[in-house]
Trainee: 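I have a structure here, written as structure tokens, and I will follow up with some questions on it.
Heads up: numbering here begins at 1 and tracks the sequence. Numbering of ligands and ligand atoms starts at 1, following listing order.
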Amino acid sequence: MPTTPATVRNLIGGEWTGDPAVERRNPARPEEVVAVAPSSAAADARAAVTAARQAQPAWAATPPPARGAILLDAAELLRARHEDVARDLVREEGKTLPEARGEVRRAIDVLRFFGALGWHATGEVLPSGLPDTQVLTRSEPVGTAALITPWNFPIAIPTWKAAPALVTGNTVVLKPAELTPLCAHHLASVLVEAGLPAGVLNVVHGRGSVVGDALARDERVAALSFTGSTAVGQGLHRVLSERRARVQLEMGGKNAYLVLDDADPAAAARVVAAGAFGATGQVCTATSRVYVTPGIREEFTAALVKEADAHVPGDGLLPDTTMGPVVSKDQLAVDTAAIARAREQGARVAAGGFAPRGLLLRPTVLADVDHSSDAAREEIFGPVVAVLAVDDYEHGLARVNDSAYGLAAGICTTSLSRAHDFAARVQAGVVKVNRPTAGLDLNVPFGGVKDSSTNTFREQGTAAADFYTWTKTVYLGHQ
Ligand code: ADP
């Protein structure tokens, strides 16, 4: 059944503005226009910052529980439209319906978590070396934060950046990914309907090189949180560091798994497949290289191929579909070029390796991959996993760590001591033992090391609030 495209507008100073200009089409059904959104200018980004600056003092003066209450009410509103938003997410980004439902559920829970945080004490009371004096610390909001987000978790990521910023008294300008304006619109809508005052959250749609760049260069933006590619993140880092503003970057990954002889091959294959092919592999923590010791290699690879071959790529709204399409033509071109290059560099395509129709790509297992080849080094961001041989645990750990990236890593083993040793020595911000690299809890810190992350402030959990606040130390004496 054809649906009318949604009209998405900017949100600036409480007004929905901007002429819808750019179409977003359903990656599973290119004839279907899902949403039309503005293509904003740098001046729109600056207007949003002006609105955010104006709204900030009153918002910071609002008691934290009252700020949190708005997030809690927004969570309720999102819950009431859970199914509709999940279906829009499928049509806009391409996840399967169960994956999309899970993501919207995540956004609801994040709003609840940070809404409740409004009631929590912040700061400490400490003794002073001075007589009749107490020291206390206050968490002050940084001011106005810019959030630049990617398309792969189009509602969860904007939510997990905006919620901690808002509850701690900051105002926000959000620049969502061009491919997924509608999901960001749903988030903004529930926050506005829940009573967020005008200017506290602003949303500007448009190109990264225009809107994102203008936000990064605006001196009034005190902090910028970004999730996206390493190349863009590094450029933003230069701009923000130059003017000594805070910057939080979550960028690429080349997440590795180590499968040891003592693991169960079928269970290991399930874990690796879930990490590699979930959400069509378009996840920054997706498993993309697997090092396997000799005793289990053959059985594990066969089991992984079976997992890949069992997938049914298709339209995420259809009940039989287990894997949605690739998000765009450009991304599919990146994926297929990477597979072709892997072949040229000696890999054997053990499963998938081709795009049967449209933007659908079969989950792909590349076997006999050489550790020095591109398939073992460069992020692909699709349902493609490389299998590589290692001699033993030490060899495998060294290979896992031999990467420019350090976001997530995992090990399949039944040895508790190996698991502990791996957790201690692996160079990654997230470590999983016998669990898929992708899939995170919302109440715990998240972030990477090396080229994956700024590795300063973590996202998610209570740690997320640190990026949006600074500590003031007050010496309180009495006369
Ligand atoms: P992805 O592969 O997820 O599209 P990008 O890094 O290109 O990764 O995009 C992530 C976000 O960064 C998007 O919202 C995009 O519009 C934005 N972006 C892209 N280029 C720039 C830039 N030069 N300055 C600021 N933001 C940018």
Trainee: Can a non-hydrogen atom of Phe381 be found less than 4.0 Å from any atom of ligand 1?
Mentor: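 In this structure, Phe381 fails to qualify as a contact of ligand 1 - no heavy atom is under 4.0 Å.
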
Trainee: Which ligand 1 atoms are under 4.0 Å away from a heavy-atom of Ala177?
Mentor: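 Going through ligand 1 atom by atom, the ones under 4.0 Å from Ala177 are 14 (O).
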
Trainee: Within a distance under 4.0 Å of any heavy atom of Leu236, pick out the atoms of ligand 1 and give their elements.
Mentor: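 Numbered from 1, ligand 1 contributes 24 (N), 25 (C).
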
Trainee: I need the nearest protein heavy-atom contact for atom 23 (N) of ligand 1: residue, atom name and distance, please.
Mentor: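 Nearest neighbour among protein heavy atoms for atom 23 (N) of ligand 1, to 0.1 Å: Ser209 CA, 3.8 Å.
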
Trainee: Provide the number and element of each atom of ligand 1 under 4.0 Å from a heavy atom of Trp151.
Mentor: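 Counting from 1, the qualifying ligand atoms are 1 (P), 3 (O), 4 (O).
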
Trainee: Which atoms of ligand 1 have any heavy atom of Val232 under 4.0 Å away?
Mentor: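 Once the distances to Val232 are compared, the set is 6 (O), 18 (N), 19 (C), 20 (N), 21 (C), 22 (C), 27 (C).
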
Trainee: Output the list of atoms in ligand 1 that are nearer than 4.0 Å to some heavy atom of Ile148, sorted by atom number.
Mentor: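 So the atoms of ligand 1 that pass are 11 (C), 12 (O), 14 (O), 17 (C), 25 (C), 26 (N).
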
Trainee: For Glu178, is at least one N or O under 3.5 Å away from an N or O on ligand 1?
Mentor: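 Indeed, backbone or side chain, Glu178 has an N or O that close.
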
Trainee: State, with a plain yes or no, whether a side-chain heavy atom of Thr285 is found less than 4.5 Å away from one of Phe446.
Mentor: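 Yes - at least one pair of side-chain heavy atoms lies under 4.5 Å apart.
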
Trainee: Do Leu71 and Arg67 touch side chain to side chain, with heavy atoms closer than 4.5 Å?
Mentor: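 Side-chain contact under 4.5 Å: no.
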
Trainee: Mark the output for Ala216 as yes if a heavy-atom distance to ligand 1 is under 4.0 Å, and as no if none is.
Mentor: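 So Ala216 does not count as touching ligand 1.
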
Trainee: For the pair Arg341 (side chain) and Ala375 (backbone), establish whether a donor and an acceptor sit closer than 3.5 Å, ignoring hydrogens and angles.
Mentor: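 It does not hold such a pair.
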
Trainee: Consider only side-chain N and O atoms of Thr287 and Thr437, and report whether a donor and an acceptor are under 3.5 Å apart.
Mentor: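 There is such a pair (donor and acceptor under 3.5 Å, judged by atom type) between the side chains of Thr287 and Thr437.
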
Trainee: Taking only heavy atoms of Pro150, which atoms of ligand 1 are found under 4.0 Å from at least one of them?
Mentor: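 Per the distance check, 3 (O).
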
Trainee: Is a donor from one side chain sitting under 3.5 angstrom from an acceptor on the other, for Thr171 and Thr144?
Mentor: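 Yes, side-chain donor-acceptor contact under 3.5 Å.
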
Trainee: Would a 4.5 Å heavy-atom cut-off, applied to side chains only, mark Phe277 and Arg362 as touching?
Mentor: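 Answer no - side chains too far apart.
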
Trainee: Does an N or O anywhere in Thr227 fall below 3.5 Å from an N or O of ligand 1?
Mentor: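 There is no such contact.
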
Trainee: Measure across Pro27 and Glu92 and return the closest heavy-atom pair with its distance rounded to 0.1 Å.
Mentor: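 Looks like CD-O, 3.7 Å.
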
Trainee: Taking the side chain as C-beta and beyond, is there a heavy-atom pair between Phe226 and Gln248 under 4.5 Å?
Mentor: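 No; the side chains remain at least 4.5 Å from each other.
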
Trainee: Look at atom 9 (O) of ligand 1 and say whether a protein heavy atom is found at less than 4.0 angstrom from it.
Mentor: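 Answer no: nothing from the protein, no heavy atom, is under 4.0 Å.
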
Trainee: Going by heavy-atom distance to atom 19 (C) of ligand 1, choose the closest among Ser229, Gly208, Gly212.
Mentor: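 Answer by nearest heavy atom: Gly208.
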
Trainee: Between Thr149 and ligand 1, which residue portion shows a heavy-atom distance shorter than 4.0 Å: side chain, backbone, both, or neither?
Mentor: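 Just the backbone.
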
Trainee: So does Ala52 get a backbone contact from the side chain of Arg220, meaning a donor-acceptor N/O pair under 3.5 Å?
Mentor: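 The answer is no, because no donor-acceptor pair under 3.5 Å joins these two groups.
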
